[in-house]
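Small disclaimer: the values here were computed from a predicted structure and weren't measured.
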Amino acid sequence: MEKRREDRHFVRVAGAYRERQGGSRDVWIKDVSETGCRFFDKFSVLKVGTEVSLKLGNIGPLHAHIRWREGSLVGAEFDQPLHEAVLGHIVAFMSQDED
């Protein structure tokens with residue numbers, strides 16, 4: 001059984017990431033926690049360890065490192081944990097309903 005350091009909140013938030021030497025790519029944030037997030041990137045070629053800047057809606061840039069990738073799902077760990085008020089705002093007000 002997976003042990004997590006903090007609660008994961010399932011969301012659907014429009015976001016984007018940018019590699020240090022690359023363009024911006026739009027993604028869907030699927031879940032978020034204080035220390036990271038999981039996002040859907042249909043044609044992802046991100047490698048574990050890659051440094052990225054993330055935007056979750058209008059929040060960011062948040063500096064992060066890619067920790068895992070399974071196909072189009074990517075897990076990122078924030079360099080600095082989200083403040084609990086920021087995390088609460090993302091979960092309560094930014095998540096969009098599925099179409």
### Task
Report yes or no: do Ile59 and Val13 belong to one cluster of Ile/Leu/Val/Met/Phe/Trp/Tyr joined by side chain heavy-atom distances under 4.5 Å?
yes
### Query
When hydrophobic residues are tied together by side-chain contacts of less than 4.5 Å, even through go-betweens, does Val91 share a cluster with Val27?
yes
In Å and rounded to the nearest 0.5 Å, what is the [atom1] to [atom2] distance from [X] to [Y]?
X     : Y     : atom1 : atom2 : answer
Leu56 : Ile90 : CG    : CD1   : 5.0 Å
His63 : Phe78 : NE2   : CZ    : 12.0 Å
Lys42 : Arg25 : NZ    : CZ    : 11.0 Å
Ser33 : Arg8  : OG    : CZ    : 7.5 Å
Glu19 : Glu51 : CD    : CD    : 10.5 Å
Met94 : Asn58 : CE    : CG    : 5.0 Å

Linking Ile, Leu, Val, Met, Phe, Trp and Tyr through side-chain heavy atoms less than 4.5 Å apart, which residues share a cluster with [X]?
X     : value
Val45 : none
Phe43 : none
Val48 : none

### Steps toward side chain to side chain contact (heavy atoms under 4.5 Å, CB included) verdict (Phe40, Ile29)
CA-CA 6 Å; Phe40 179 81; Ile29 309 299; over 6 Å; no
Looking only at heavy atoms, what is the nearest atom pair of [X] and [Y], with distance?
X     : Y     : value
Ala64 : Asp79 : CA-OD1, 3.7 Å
Val74 : Ser44 : CG2-OG, 3.5 Å
His65 : Gly49 : CD2-O, 3.6 Å
Ser53 : Pro61 : CB-CB, 4.1 Å

### Query
Can Asp31 and His9 be counted as having a side-chain donor-acceptor contact under 3.5 angstrom?
no
### Query
Hey, are Tyr17 and Asp41 close enough side-chain-wise for a donor-acceptor pair under 3.5 Å?
yes
### Task
May I ask you to decide if Ile66's main-chain N or O and Thr50's side chain share a donor-acceptor pair within less than 3.5 Å?
no
### Arg69 (side chain) donor-acceptor with Leu46 (main chain) under 3.5 angstrom
yes
### Query
Does a side-chain heavy-atom distance below 4.5 Å link Leu73 with Arg38?
yes
